[in-house]
Each structure stands twice: as C-alpha cells, then as structure tokens.
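Just so it is clear: chains get the letters A, B, ... in the order the sequence lines come, proteins before strands, and each one is counted from 1.
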Amino acid sequence: MTDAHRWPAAAPGERLLPAAEHQDPAERSLLLEGLARVLHPGILVVAVYLLVVGLHHPGGGFIAGLVAGLGLVLRRLAGGPRELAAASPLPAGLVLGTGLLLVSGYALTGVVLTDELLAGAVWHGEVWLLGPVEVPSSLVFESGTALVVVGLTADVLRVLGAGEPSDEDAEGVA
Amino acid sequence: MIALLTAHLLLAVGAAALAPRLGSRALAVGALAPAASFGWLVAVAPDVLAGRPAEASLSWAPALGLEVPLRLDGLSLLLGLVVTGVGTLVLSYGVRYFADRRDGMARTAGVLVFFAGAMLALVLADDVLALYVAWELTTVCSFLLIGDGGPDREHRTAAVRALLVTTGAGFALLAGLLLLGDAAGTYRLSAIVASPPTGTQAAAAAVLVLVGAFAKSAQAPLHPWLPAAMVAPTPVSAYLHAAAMVKAGVYLVARLAPALAEVLPWRPVVLVVGVVTMLLGGWRALAQTDLKRLLAYGTIAQLGFLVVLLGAGTRTAALAGAGMLLAHAAFKATLFCVVGVIDHEAGTRDLRALSGVGRRAPALAAVAGLACLSMAGLPPTLGYLGKEAAFEAFLEPGAGHGWVLAGIVAGSVLTVAYTARFLWGAFADRPGVEQPMAHRPSPGLVVPAAVLAVAGVVGGLLPSAVDALAAGYADGYTGPDHHLALWHGLGPALALSVLTLVGGVAVHLARDRVDAARRALPALPDAERGQDRLAGWLIAAAGVLTRRTQVGSLPGYLLAVLLVVSLGPGGVLLVQSGVPDRFRPWDVPAQAVVGAAVVAGAAGVVLIRRRLTAVLVLSAVGYLVALLFLVHGAPDLALTQLLVETLTLLVFVLVIRRMPAEVRRPPQPLWALRAVAALLVGAFATLATLTASARHVRSRSVEGYFAQAPAEGGPNVVNVIISEFRALDTLGEVTVLTIAASGVASLVLVTSRLRGTPRAGAPPPGAPREAEAARQEPEQERETA
C-alpha cells in the first residue's frame, strides 16, 4: 500500500488527471477526464461544507462521506484504477481506521471528561471575515463518520474494480 | 469480589504473556489471584458464617435490569475456599511440574488461571444466567486444557468427548434454569431458594438442571468423559477433574437442593443416581491398573457420594456433604499430585511397573498415606468426620433411607478397598519388578501436596471449625442439631465405620478372587463406547445438516431468509394487528404520481432481461423514492437516499460488467417458487409499511428530541439525533460498516485470486505481481495457500 506507485508523480500543468494516461487509449474519454478534473476539487469543498453545516441544514458526516466518495467514483470512472490510487493516496484501511478511531475516541473522551458516553459541547466564537461561528464538538464525531464512509467507498472501488487488464497493470511494479 | 474476579482475568492474561519469558514460573504469578481470593475469603468468613452474606453487583445494562449479582453465603464460602485454596496449591505445584515444558505453556498458564476465575465466578454468582455463563466458561477451559493443543488423537477425542457431554447437558441446564427462573418469577438464586417454586414446571426444571449437574460432575451414565480426561497434565486433572470443576455439578445440586428437594422427582433421582454412581465408580476403580484412572474412578464414586449427601435435602446430610466436600477436595488433589510426582519421576503410572517407590520416596508415601487416611474415612481426618455424619444422616428415619444407607455403606467398603489398592499399587515392593524411580522427587512437587494432605488431618483435628463452616450451609435446613465431631460415642454409625474398614481391607486382600469374579460376571454395558458412538453420530449429523443447508447458493440463502422474514414476523403482524382498516391513499397528489412511477419501475426491473438496464431502472426506483421523501418534506433523507443510490448504482455497474449481459431464467419450478417468495415478501413489506404509517401518534421515543435538539447542537433534528442523542447507535453502525468493508474486500480478493491464478505450488520465482499481492494481503495469502 505504501509503495511508491501509489503516489504517481502528479504534475498538474501537464496532465488533466495524474494517472489517467495508464489507461487503454481506446477507453479514454477526454470529456469525462476534463469533467473529473474540474469537478473533483469542488466536490471536496461541497463535502466539507455539508460536514460543517450538518447541525443546521441537511448534511452531516454520513452525507459528506458519500459526496466525497462519489468524487472518488468519478475519478475512478474517468481515469481507471491507477487514477483511483492517485486520488486516494492513503490506504483505505488507514482511512477507515482513522475514522473509527475518531468516532470511538470522541465517545470515550466524553466518558472521561463528563462521565457520560458521547457527551457533547458547542463552542461559540467570532471569526474574522466569517462572523459568528459555532463549532460543536460532535464535529469530530461527524468527521470520523465521513472518513469511514470515504474509506469504505475507496475500498469497495479498489476491490470491485480489480480484475480488468488495466488494473492488472496497476497492481504490477510501477 | 468484582476486584478479585478482575484480578483473575488480568493475571490470566499476565501469566500467558509472561510464559514465554518465565516458562512455568508464570504459574506462580497467576497463583497470586486465587491466593488473594483465598485470603479474602478467610477474612470475611466469620462475618458470612454469622449470617451476613457479602454481596456485590456488577451493573451491565441498568436500564434493562441486567446485572451480575454476586453473593457470598455459607455454601459459596465453602466452595470458594476449595476453589481458591486448591487452585493456589495446584498452580504452585505446576511451577515445578511443568518446569521442562516448552510448547503451549502460555496457553496452559493462561487458561488455568482464567479457569480459577471462572470457577470462582460460578460459586459467587447469584443469578442463574450469570451462573450459566460461568458454567460454560469452565467447560470451555476444560476442553482447552484436556485437548492441550491437540497433540494426538487421544487428547483430541478426550477433549471433544468432555465438551460434547458437558455442553450437551449444559443446554438442558440452561433450559432448566430458565424454567426455574420463570416458575419462581425471579432469576436471583437467593430469591429462588428463599421462595421455591412448586408444580409441574418446577419439576421439569429440576430434572433438566439435574441432567446438567450430573454431566458436569460425571454421574452415571454420563461419567466416561472423566477417566478419558485423564490424558490432561496432572495439575489440570487435580484441579479440574478432581477438586474444582467436577464439583460445579455438586455445587449446583447443593445450591438448589434447599429449593427443590421437596419437588417430586428430585429426591429419588438424586439418591438413585448418586448411589449407583458411587457403587459403579468404586467397582470400576478396583479394576484399574493406571493409578490416575484408579483415582478418576474413585473421584466418580466420591462425586456420587457427594450428590447423595448434598441433594438429599436434610440438615444432617447437608452437614455431612459439606464436610465430605472439603475432605474430598483436600485428599483427591493431594493424591493426584502424588501420582503426578510418581509419573514425573518414574515415567509410568502403571501399578504393575512400579516397585519400591515407597522406600525411595518416603516423604511422598507419608503424604499419600495421610490423604488415604482421609479417603478411607479413618480418624482423625476430615474424611472420617464426613463419613460418620453421612451414616448418621441416613440412620435418621426418612423415605428410602434404608437402602441409601446400604448403598453408601457398600460404596464405602469399595472406597476403603480402592484406597488400599492405591497405596499398595503405588508404594509396595513388587518382587521381580525393576525399581523405576531413579531419584527422589523434588520438594517443589511434594510440598503443595503435603500442605493439602496436612490440611485434611488438621481439619479432622479441629472438628468445631469444620463444623462451623459446614453448618454455614447446612443451617439452611431445619432438622436434628447434629455436629461434626471425632467422637459421638458408641453407636450404629461407629459400628458401620468399623464394618466398612474391615470389609474394605478384606476386599483388598482378596483382590485376586475379586478380579476372577469380575471376569466371571457378564460385562456391564459400556457407557464409554455408547458415548463415543453418540458423539460420532452427532458430528456426522452436523456434517449432513451443514451440507444440506450451506449449499453455497446465494439465491438459495436469500430465498430462505426472505421467506422466513415474511412468514415469521409477517404472520405475527397479521395475527396481532391485522390489516389496518383506515388509510389515506395520499397526502398530496404528487405522491400518487411518484408512487405510480415507482410501481412502474419495479415492474420494469422484474420484466427486463438485460442486466444493466434492469439495474438502471432499479436505481430509477431509488431516485423516485428520494423524490417521495422530498415531497414529504424530509430533505435530509432525500439527500442521503440520492447519494446512496448513486453510489450503489456505480458499484453495481462495476460488478455487473463481469456478469453475463442477460439474466438467465431459472427452471420452471424454481421460477414459480421465487415468484411466490417475491409476492410474499411484497405483501409483508406492504403490510408492515401500512401498519407503521397507520399510527398517527407522535413516537414517544423521538418526541423529546425535538424539544432538546436546538439546545444540544443545532436545529437539524435528524443530524442532532445521529450525532448526539443516538450517537452510540451511530458508533455501532460505523463499526459494522468498517467490518463490512474489510470483510467485503477480503472476500472479493480471495475469490478473485483463487479464480485468477493457479494456487497449486509456490508462485514462480520472480513473479512480481504475486510477490506484491502477497505482501499486501498476508491474511488472504495464508487462507488460500
């Protein structure tokens, strides 16, 4: 997982997607690649937005994770398995584990601090340019959930996308 | 109490962890737990015996009333002292016994200490379910220790046999305990004993509980697993199969006898089974040439004796039983340790091959002699106190007491005879047999045995202390105020003692004639072979059942699950609430339009043959449902549904690429079956939805959340519920999701690798993809290799 080929040298000025050119040229779609290139950063921003507004509007950790996961799907469809690896440089297991750690760590911290499982608190404050800001401690919890969902998506994509010729290349020596 | 149980658990882990470094000395570390418990028990004993039982409770899920209540009363104290005292000594004996052992020390040390804790929990538990859990834990420990890692067929067979008999009967016990708790209206043991249930249900419970207890304490005809278990190392045999675990059954009988002795089948069953076991065990013991098996059959006989005494339900019998229990724990553990020493030093346990051990190891012989005094019931030992009281108990008038007395006198004659056989077999000189013991046994092996043997004599010399301890249990009964004492004056009990001694010695002296008589008698039905055959059938039946039910067809499993769900809960739903009579077709007309589209889409999924198209239509149904949520005013749900649907669709497409483009129709009967199942599931789902939405009351469990949500975090109630109020649920779900993710990944990778590359033999050298994949998934590699 931690091998070098998981971080293909990405040089944004030269290519649309860092690893898309490993695909079979007959299967490439320039339109899709361009779309993925343009949309993916936006998708991530939306995901973070959804994560943050969760307590006030539709959103939250689960939905944020799904949106970010869909971003991965888009990259996978446009650029093949190698592109998926480039889009998610951390191993899926690590992402899943970090998410679970955040969620359960939040739960346990509540126990230690207030003797109540999953006790939460909200921090109110004033931030320059943004105005009044409200940060609930459950944001940690939501982020953990989001990470688990992203990790799950990446894992399923990696596994189910395996088995085709282009993928065999990706599994080989870089 | 909770701290002590936790200490056992921690030290079990600690002993296992230290075993690779310390070897058998890890057992000494583990022995700290039972030793501390023993000390605590001694410290609180005066309080408990004065009628103030110690109590503690471990809250598990207080809202559901689930807790593990612990209670130390007279009987628990008695058993607790045996379990912890013998445990400490046997573990320290094991330090020397296992000194040259290399493999599996961590397992043996960990499981032994854990077992001590489970046994302590068993005698302290005041809740029938907690007791059952501890009971099964001891069974599992016993399995692990007898099997000893499964080095050969004998160990494995013995371990499986013990497991099958004791857990099989354990199911009966569970059923019995549940019936008992139900009949009594409480699952607290102390409450059940305080106000015992009566009637048919209590009778059924009594029989079922007795089956479990009898299997655990090796009563006929469930006994054969015990001699077979003698393949285990001696400390294990001494602790599990002589002093502690087998007493779990006896403990249960003693615990419930005050409540159930008056329930009809209890007393006849207990007395008949106990006496038969005592006679059978004694008779079989006389035929053994392996000293350990001799002791094992002796244990069976003694356990029968204990069941008779503690199950009889009179004060004197209970007093005798309590005394006998202490005596048996002390002398039997001693004798097992002695046999272990002989086996360890002489390399054999066969009494035909042993000669001159008594002269070579006089200290060992003295220790064994003291224990044998107690086993044969001679003064001034614990065994004598118990046996005199036992005779006394059945000299009292009572139904069937005459033949029970005759039975236990005959059994005691056999006990004296096999005691003599043991001493003669282990220590006598045999002309013509080479002396097998090269050197004297080390003190580390003899001292723990000596402590136990001396304890048996000291107990006999301090009858008032033992009497107080035994009375702590026996005073639960009303009856003649009998006391354990060395001298009761000339009377029938003393005469019977003399009779048993003379008879037993005579049987031993005439052993050649007894052996000839045994050979002349028709062989008793062999319970051992019967049990083996039963075990064979059971395993074969399990195999057949597994092959029939686990056919490996996903549609088959799905069909079974769906049918059960729609018929089971569906049937209950139909019977209990029926079809709701009033329902609105829709709230807003848009719902009707979307609903019609959903129905059309669902029909399309069924009819379309092209897989990819069908999946797309299926997703359309999902999107339409999201639209329905939106129409209903639930944007959160709609958003989630939308995203999940998209993700599922894409994953579906990834999978479907590898499948045939068109759906193949199954053969006609299967097709019809699937159609029926689909209709049933559809009907069930419709009924469930209608019933659920026919409730126009606000859900009580959610109502409070609406009021609290703004204070807790934000106005979005759905998300506040997910991340605040029901965050524990979310935590569980997220954990399941993680497990599912790694599970799916492993399964897919395993199967694709199995399909893709030939697995026979090692991968060709220099195959980079193989090496790479192997490094990535070491677990799958191991499974497929």
Does B/Y623 OH have over 12 foreign heavy atoms under 6.0 Å away? yes
Crowded around A/Y49 OH? As in, over 12 foreign heavy atoms under 6.0 Å? no
For A/L77, is it the side chain, the backbone, both, or neither that has a heavy atom closer than 4.5 Å to a heavy atom of chain B? side chain
Backbone of B/R609 reached by a side-chain donor or acceptor of B/T613 within 3.5 Å: no
Hey, are the side chains of A/V95 and A/S88 touching, using non-hydrogen atoms and a 4.5 Å cut-off? no
In terms of heavy-atom pairs under 4.5 Å, which option from B/L637, B/L642, B/V653, B/L639 contacts chain A the most? B/L639
Top contributor to chain B interface from A/I63, A/T145, A/L152 [non-hydrogen pairs under 4.5 Å]: A/I63
Under 4.5 Å from any heavy atom of chain A, what part of B/L737 do you find: side chain, backbone, both or neither? both
